[in-house]
Amino acid sequence: MTTSETVLSCLEAGVLRLTLNRPDKLNSFNEEMHLALRAEIQRAHDDAVVRAVLLTGAGRGFCAGQDLGDRDPRKGGPAPDLGHTLETFYNPTLRLIRQLEKPVICAVNGVAAGAGANIALACDIVLAAKSAKFIQAFAKIGLIPDAGGTWSLARILGEPRAKALALTAEPLMAEKAADWGLIWKAVDDADLMAEATKLAESMAAGPTLGLGLTKRLIQSAATNSLDAQLDMERDLQQQAGRSADYAEGVTAFLEKRLARFTGK
Ligand code: T3D
């Protein structure tokens, strides 16, 4: 099943697999692809059958950020209002990914540059092919890292590494990104999709409500005090403790069998 040629979409075993699909342009974003991706992530919010999302790219790249062909100054006219394009296209998608209370797995199959790198970093678990690289390409064209890049890099890596990556636009290879804790894992290229699919399917077979609440808690930790976080854990654990999946999980443990979670 697919809604747009620019983002291929397929729902199987509870996993909504989304493939950025403009391989000739290294899956860089045009407006159609923005809207298609956002619509798919919104669908993941709305459709209870979707219990995990797997995001990847077609061809040899993951995503090269904004399609610069759509920003060609040689075409004349006033400078584009990039604040407007961030507000209209990138930021809503970034917010949706973070707000989606279902696991979002990203399989970075090749180069991830500019906003493409930062969309990957907004996902919950990032696997990358060993040949893939992450490039904060913005400095090469006079822009600042966007799509949440300054936030993710500074938070995950700390200022020294965040600044060096952003100011130099040097590529960061997948294995080093994993060593630095920027992503979960670098895997052999040939194994990437099988491993990412297995992970996404195991997430989709998991206790979706509890996983979603866990995501919310971890994302809140950086701005909460310990007291506020403890209160939040109390409240969300109360909610998780009333779920059918909690009852099933404990029953399965006591009966020494695998749990059959329904996501409720
Ligand atoms: O504008 C706004 O709304 C504000 C938001 C901005 C967000 C951003 O993401 S700004 C940053 C934009 N991205 C970049 O600056 C990266 C540009 N691309 C590159 O630097 C390189 O392509 C890569 C390092 C990513 C990969 O290099 P390489 O050598 O592996 O591939 P290539 O030959 O450069 O690219 C292959 C093709 O994809 C090529 O087309 P061709 O010559 O075969 O017809 C190339 O032009 C095209 N391509 C790659 N990136 C883009 C692109 N076409 C349009 N836009 C791109 N971003």
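One is the number of the first residue; the rest follow in order along the sequence. Counting starts at 1 for both ligands and their atoms, in listed order. When reading the values below, keep in mind they use all heavy atoms of this one structure, side chains included, and skip hydrogens, waters and symmetry mates.
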Taking it one step at a time, do Q66 and D70 satisfy side-chain hydrogen bond (donor to acceptor under 3.5 Å, both in side chains)? CA-CA 8 Å; Q66 175 61 39; D70 290 348; 4.5 Å; no
Of the listed options (K133, K25, R22, H34), which comes nearest to atom 48 (N) of ligand 1 when hydrogens are ignored and any heavy atom counts? K25
Regarding K215 and D124, does a basic nitrogen lie under 4.0 Å from an acidic carboxylate oxygen? yes
Would Y90 count as a contact of ligand 1 if the rule is a heavy atom under 4.0 Å away? yes
Pull out every atom of ligand 1 sitting under 4.0 Å from any heavy atom of I135, numbered as shown with elements. 24 (C)
Going by an N to O cut-off under 4.0 Å, is there a salt bridge joining K130 and D188? yes
Is it the side chain, the backbone, both or neither of A64 that has a heavy atom closer than 4.0 Å to ligand 1? both
Could you verify whether a donor N or O on one side chain and an acceptor N or O on the other, from S4 and E32, lie under 3.5 Å apart? yes
D146 contact mode with ligand 1 (heavy-atom cut-off under 4.0 Å): side chain
Using a 4.0 Å heavy-atom cut-off, which part of A115 comes near ligand 1: side chain, backbone, both, or neither? both
Numbered atoms and elements of ligand 1 in range of A113, under 4.0 angstrom, heavy atoms: 25 (C)
Give me the residue, atom name and distance of the protein heavy atom closest to atom 57 (N) of ligand 1. Q66 O, 2.8 Å
Per-atom contacts of ligand 1 with A137, taking only distances under 4.0 Å to non-hydrogen atoms: 14 (C), 15 (O), 16 (C)
What part of L82, side chain, backbone, both or neither, has a heavy atom within less than 4.0 angstrom of ligand 1? side chain
Taking only heavy atoms of R71 into account, list the atoms of ligand 1 that are under 4.0 Å away from them. 1 (O), 2 (C), 3 (O)
Should we say atom CD of E159 is surrounded by more than 12 heavy atoms from elsewhere, each under 6.0 Å from it? no
Run the numbers for me: atoms of ligand 1, each under 4.0 Å from some heavy atom of D67, listed by number. 54 (C), 55 (N)
Relative to the heavy atoms of G114, which atoms of ligand 1 are at a distance of less than 4.0 Å? 9 (O)
How about atom 41 (P) of ligand 1: does it have a protein heavy atom within less than 4.0 Å? no
Looking at atom 27 (O) of ligand 1, what's its closest protein heavy atom, distance included? L26 CD1, 4.4 Å
Please check atom 45 (C) of ligand 1 for a protein heavy-atom neighbour under 4.0 Å. no
Does the side-chain contact (heavy atoms from CB on, under 4.5 Å) test come out yes or no for T6 and L20, once each step is laid out? CA-CA 6 Å; T6 56; L20 305 177; over 6 Å; no
In ligand 1, which numbered atoms sit nearer than 4.0 Å to a non-hydrogen atom of G65? 9 (O)
Test item: protein heavy atom less than 4.0 Å from atom 29 (O) of ligand 1: no
Verify atom 19 (C) of ligand 1: protein non-hydrogen atom under 4.0 angstrom away: no
Residue-level breakdown please: for L68 versus ligand 1, do any non-hydrogen atoms fall below 4.0 Å on the side chain, on the backbone, on both, or on neither? both
Do the charged groups of R234 and D231 touch, with an N to O distance under 4.0 Å? yes
E12 atom CD: more than 12 heavy-atom contacts under 6.0 Å: no
Can you confirm whether the side chains of Q42 and D46 place a donor and an acceptor under 3.5 Å from each other? yes
Check this for me: does any side-chain nitrogen of one of E40 and R17 sit under 4.0 Å from a carboxylate oxygen of the other? no
Q136 vs N118, side-chain contact (heavy atoms from CB on, under 4.5 Å): CA-CA, chis, key distance, verdict: CA-CA 8 Å; Q136 295 297 320; N118 296 333; 2.8 Å; yes
Got a salt bridge between R22 and E5, using NZ or NE/NH1/NH2 to carboxylate O under 4.0 Å? no
Atoms of ligand 1 close to D24 [distance to a heavy atom under 4.0 angstrom, numbered from 1]: 37 (C), 38 (O), 40 (O)
Does ligand 1 have a heavy atom under 4.0 Å from the side chain of F138, from its backbone, from both, or from neither? side chain
Polar contact flag, side-chain donor to acceptor under 3.5 angstrom, D189-S131: yes
Angle class for the F29/H34 ring planes (parallel below 30°, perpendicular above 60°, tilted otherwise)? parallel
Full working for side-chain contact (heavy atoms from CB on, under 4.5 Å) between L172 and I135: CA-CA 6 Å; L172 180 69; I135 311 177; over 6 Å; no
For ligand 1, is R60 a contact, meaning one of its heavy atoms is under 4.0 Å away? yes
Can you confirm whether some protein heavy atom lies under 4.0 Å from atom 3 (O) of ligand 1, or whether none does? yes
Strictly inside 4.0 angstrom of atom 14 (C) of ligand 1, do you find any protein heavy atom? yes
For atom 11 (C) of ligand 1, what is the closest protein heavy atom, and at what distance to 0.1 Å? I141 CD1, 3.9 Å
Mind running side-chain contact (heavy atoms from CB on, under 4.5 Å) on K264 and S243 for me, showing each step along the way? CA-CA 6 Å; K264 293 177 186 136; S243 69; over 6 Å; no
Is atom 38 (O) of ligand 1 less than 4.0 angstrom from some protein heavy atom? yes
